[in-house]
Amino acid sequence: MDLETSLASDLVTAHPIEAARTFERLPARDVAALLEGLELDPGVRALQHMAPYSAMAVVAELDETKASAFLEKLPIGTAALLLRQVQASQRERLLATLPPRRAREVGSVLGFPEGTAGALMDPEVLALPNDLTAEEAIARVREAAGDARYNVYVVDRDQVLVGVINLRELLMARPDEPLSSLMKTAVHRLAAATDRYAISSHPGWREVHALPVVDKQGRYLGAVRYRTLRRLEESLRGDAPEQGATARALGDLLRAGASAVLEAMVESTPLDRRPAEPGRSRDGV
């Protein structure tokens, strides 16, 4: 990685929101040229904060392999939100480039109207069958540690949500005790069609850090996580103003500097790193 690319990577990592604002003002093709040279993580941070239409315009200009890598790395809900911005034919082509499991997860979110619990949920949040013993359940949690949260949802063999148990109680249980006798059956939940206003005002948030999402038959689909709630609240009320004139002035200065540097870098990206126009090679032939 050359010095200029390294600096761009550091700026995007340190100032992802300002990077997003800067990228939104610039031609998508030029931003894509810069992202082609960056590692995935800085680019993902910027894309997460961009307006979905602008972010998808950039992704559409990327090499297919790079575009697929970004869509795989982005949170499922964000990837689905971006893919909603393009026509069905292009959406299907991009989904086809993803690993099968990832494509299914993103596709399951795309199946629900934008702004509903089904569209905002994380389908990876772990749920376990109620006929497992505590010992078996703990083994499953270890196998899928990345999908486990403070609470583990419990379903029957028809995938209907029937209970919840927190990990501490699970770890303290007798190894042979079934989840059906350990779980709490009173579970706060969201219907998949619940709109964003009802999601944000749900009383369950006073007690838990995620709310499970179920279909009309009560089958478990995933969960809306607390961090999603926070983003949802911000979108409903607008960003709260920064506190303190000194902090605000310093923040503006830093952001303005980062923006100017990133904008200059995008505009100076070598032509041979820019995506070729359809039907043309990079040298114009």
Side-chain angles (χ1 to χ4, degrees), residues 32 35-36 38-48 50 52-53 55-130 132 136-137 139-149 152-161 190 192-193 210-225 227-228 231 275:
L35 295 187
E36 288 275 8
L38 298 185
E39 298 292 335
L40 284 178
D41 285 347
V44 166
R45 287 171 66 86
L47 289 170
Q48 280 184 263
M50 290 176 69
Y53 179 81
M56 191 61 232
V58 171
V59 171
E61 293 286 353
L62 293 168
D63 170 85
E64 187 175 276
T65 302
K66 192 81 169 184
S68 177
F70 273 118
L71 290 171
E72 184 176 358
K73 189 80 171 177
L74 284 165
I76 292 168
T78 303
L81 186 59
L82 265 59
L83 287 169
R84 288 181 188 277
Q85 312 305 311
V86 297
Q87 293 182 347
S89 57
Q90 185 178 4
R91 186 183 309 134
E92 291 303 317
R93 285 198 303 272
L94 287 168
L95 282 171
T97 69
L98 297 175
R101 179 183 174 184
R102 178 68 168 186
R104 287 195 301 272
E105 291 165 347
V106 175
S108 70
V109 174
L110 283 168
F112 295 98
E114 188 172 355
T116 62
L120 294 168
M121 71 181 180
D122 180 350
E124 292 186 307
V125 177
L126 188 65
L128 297 175
N130 61 347
L132 294 183
E136 291 170 331
R140 296 281 184 91
V141 169
R142 286 174 177 157
E143 290 171 4
D147 300 335
R149 299 294 178 265
V152 175
Y153 302 110
V154 183
V155 297
D156 64 18
R157 288 296 175 178
D158 291 321
Q159 305 309 310
V160 173
L161 179 67
L190 293 165
L211 287 174
V213 179
V214 298
D215 66 11
K216 292 180 179 179
Q217 288 72 43
R219 290 177 298 218
Y220 175 78
L221 300 173
V224 175
R225 299 169 61 182
R227 68 183 186 187
T228 302
R231 289 198 299 268

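The figures that follow rest on heavy atoms only: side chains count, while hydrogens, waters and symmetry mates do not.
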(message) Quick check against the 3.5 Å criterion: does Arg91 have a side-chain atom that pairs as donor or acceptor with the backbone of Val86?
(response) yes

(message) Is there a side-chain contact between Leu81 and Glu114 in this structure, where contact means two heavy atoms from C-beta onward sitting under 4.5 Å apart?
(response) yes

(request) Could you tell me whether the side chain of Lys66 reaches within less than 4.5 Å of the side chain of Leu35, counting heavy atoms only? (result) no

(request) Please report the shortest heavy-atom distance between Ala192 and Leu221, naming the atom on each side. (result) CB-CD1, 3.9 Å

(message) With rounding to the nearest 0.5 angstrom, report the CD1 to CZ distance, Ile76 to Arg104.
(response) 11.5 Å

(request) Any chance you could lay out the salt bridge (charged side-chain N to carboxylate O under 4.0 Å, His left out) test for Glu136 and Arg140, step after step, and finish with the verdict? (result) CA-CA 6 Å; Glu136 291 170 331; Arg140 296 281 184 91; over 6 Å; no

(message) Can you confirm whether more than 12 heavy atoms, excluding those of Lys73, are under 6.0 Å from its NZ atom?
(response) no

(message) Strictly distance-based, threshold 3.5 Å: is any side-chain N or O of Glu36 a donor or acceptor partner for the main-chain N or O of Asp63?
(response) yes

(request) Could you tell me which non-hydrogen atom of Ala223 sits nearest to which non-hydrogen atom of Tyr153, and how far apart they are? (result) CB-CE1, 4.0 Å

(message) With rounding to the nearest 0.5 angstrom, report the CG to CG distance, Leu82 to Leu94.
(response) 10.0 Å

(request) Could you grab the distance from atom CZ of Phe112 to atom CG of Asp215, nearest 0.5 Å is fine? (result) 7.5 Å

(message) Would you compute the distance between atom OG1 of Thr78 and atom CE of Met50 and round it to the nearest 0.5 angstrom?
(response) 13.0 Å

(request) Write down the atom of Pro113, the atom of Ala119, and the distance for their closest heavy-atom approach. (result) O-CB, 3.3 Å

(request) Quick one: closest heavy-atom pair of Asp158 and Asp156, and the distance? (result) N-OD1, 2.8 Å

(message) Applying side chain to side chain contact (heavy atoms under 4.5 Å, CB included), can you list everything that pairs with Ala80, at least two apart in sequence or on another chain?
(response) Val106, Val109, Leu110

(request) Evaluate the side chain to side chain contact (heavy atoms under 4.5 Å, CB included) criterion for residues Val141 and Leu128: first the C-alpha distance (whole Å), next the side-chain angles of each, then the deciding distance (0.1 Å), finally the verdict. (result) CA-CA 9 Å; Val141 169; Leu128 297 175; 4.2 Å; yes

(request) Looking only at non-hydrogen atoms, find the nearest pair between Leu126 and Tyr220 and report the distance. (result) O-OH, 4.2 Å

(request) Give a yes or no on whether the backbone of Thr97 and the side-chain of Ser68 come within a donor-acceptor separation of less than 3.5 Å. (result) yes

(message) Please give me the minimum heavy-atom distance between Gln48 and Pro75, naming the atom from each residue.
(response) NE2-CG, 3.4 Å

(message) Measuring from atom CD of Gln217 to atom CD of Gln159, what distance do you get when rounded to the nearest 0.5 angstrom?
(response) 13.0 Å

(message) Going by the rule side-chain hydrogen bond (donor to acceptor under 3.5 Å, both in side chains), which residues pair with Gln85 if we only count those two or more places apart in sequence or in a different chain?
(response) none

(message) To the nearest 0.5 Å, what is the distance between CD on Gln90 and CG on Leu83?
(response) 8.5 Å

